[in-house]
Amino acid sequence: QVQLVESGVGLVQAGGSLRLSCAASGIIVSIDTMGWYRQAPGKQRELVATITSGARTNYADSVKGRFTISRDNAKNTVYLQMNNLKPDDTAVYYCNADRVVYRRDSGSTRTGYDYWGQGTQVTVSS
């Protein structure tokens, strides 16, 4: 009943900027944590940034100072502003929503965990 849909342009030159967005669909009551993860070929998926419902943020050291995560609770959307991109940022980026409280057709609420977006290929050319 809850889905995450990512959008954004994923091809840029080194030093450029990109903005990714991810919107949760459904009748959302609350989302505890939203975040972005990425996976490069041959590597494990790693955390990029997270943001809580209280707007507390956490960033990987590799992106700190360059990336900014934000959210619009009214739109149930999380954003990732990526500045000064480097070739090492090339990866598939996935958005995540954890502990999502949503309303079912019956009117009752349920809690879901670890929803994932479809993934967006971000390629930074040198």
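Since we're looking at a predicted model, the values are computed, not measured.
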Determine whether [X] and [Y] fall in the same hydrophobic cluster, where Ile, Leu, Val, Met, Phe, Trp and Tyr are linked whenever their side-chain heavy atoms lie under 4.5 Å apart.
| X | Y | value |
| --- | --- | --- |
| Val78 | Tyr115 | yes |
| Trp36 | Val12 | yes |
| Val2 | Met34 | yes |

For the residue pair [X] and [Y], what are the closest heavy atoms and their distance?
| X | Y | value |
| --- | --- | --- |
| Arg71 | Ile31 | NH2-O, 2.8 Å |
| Glu6 | Gly119 | OE2-N, 3.2 Å |
| Pro87 | Ser126 | CG-CB, 3.8 Å |
| Leu4 | Gln118 | O-OE1, 3.8 Å |
| Val100 | Ala97 | CG2-CB, 3.8 Å |
| Val122 | Met82 | CG2-CE, 4.2 Å |

Quick check for you: to the nearest 0.5 Å, what is the distance between [X] atom [atom1] and [Y] atom [atom2]?
| X | Y | atom1 | atom2 | answer |
| --- | --- | --- | --- | --- |
| Asn76 | Tyr102 | CG | OH | 14.0 Å |
| Arg103 | Ser108 | CZ | OG | 8.5 Å |
| Tyr37 | Asn96 | OH | CG | 5.0 Å |
| Leu11 | Leu85 | CG | CG | 11.0 Å |
| Ser70 | Gln81 | OG | CD | 8.5 Å |
| Cys95 | Leu20 | SG | CG | 9.0 Å |

Carboxylate-amine/guanidinium contact Asp89 Lys86, below 4.0 Å: no
Ignoring hydrogens and geometry, is there a side-chain-to-backbone donor-acceptor pair from Thr77 to Lys75 under 3.5 Å? yes
Show me the pairs that pass side chain to side chain donor-acceptor pair (under 3.5 Å) and involve residues 10-24, at least two apart or across chains.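 Of all non-adjacent pairs touching residues 10-24, those that pass side chain to side chain donor-acceptor pair (under 3.5 Å) are Ser7-Ser21, Ser17-Asn83.
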Specify whether Tyr93 and Phe67 have parallel, tilted or perpendicular ring planes, treating 30° as the upper limit for parallel and 60° as the lower limit for perpendicular.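 Ring orientation, 0 to 90° scale: tilted.
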Any side-chain heavy-atom pair from Thr33 and Arg99 closer than 4.5 angstrom?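 No. Closest side-chain heavy atoms not under 4.5 Å.
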Should Asp61 and Tyr59 count as side-chain neighbours, where that means a heavy-atom distance under 4.5 Å? no
Around Arg66, counting heavy atoms of other residues, nucleotides and ligands shown, do more than 12 lie under 6.0 Å from its CZ?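 Check passes, neighbour count above 12.
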Show me the donor-acceptor pairs within less than 3.5 Å that the side chains of residues 39-53 make with the rest of the protein, sequence neighbours left out.
unit_1, atom_1, unit_2, atom_2, d
Gln39, NE2, Lys43, O, 3.2
Glu46, OE2, Arg38, NE, 2.9
Glu46, OE2, Arg38, NH2, 3.4
Thr52, OG1, Gly54, N, 3.3
Thr52, OG1, Ala55, N, 3.4
Thr52, OG1, Arg56, N, 3.1

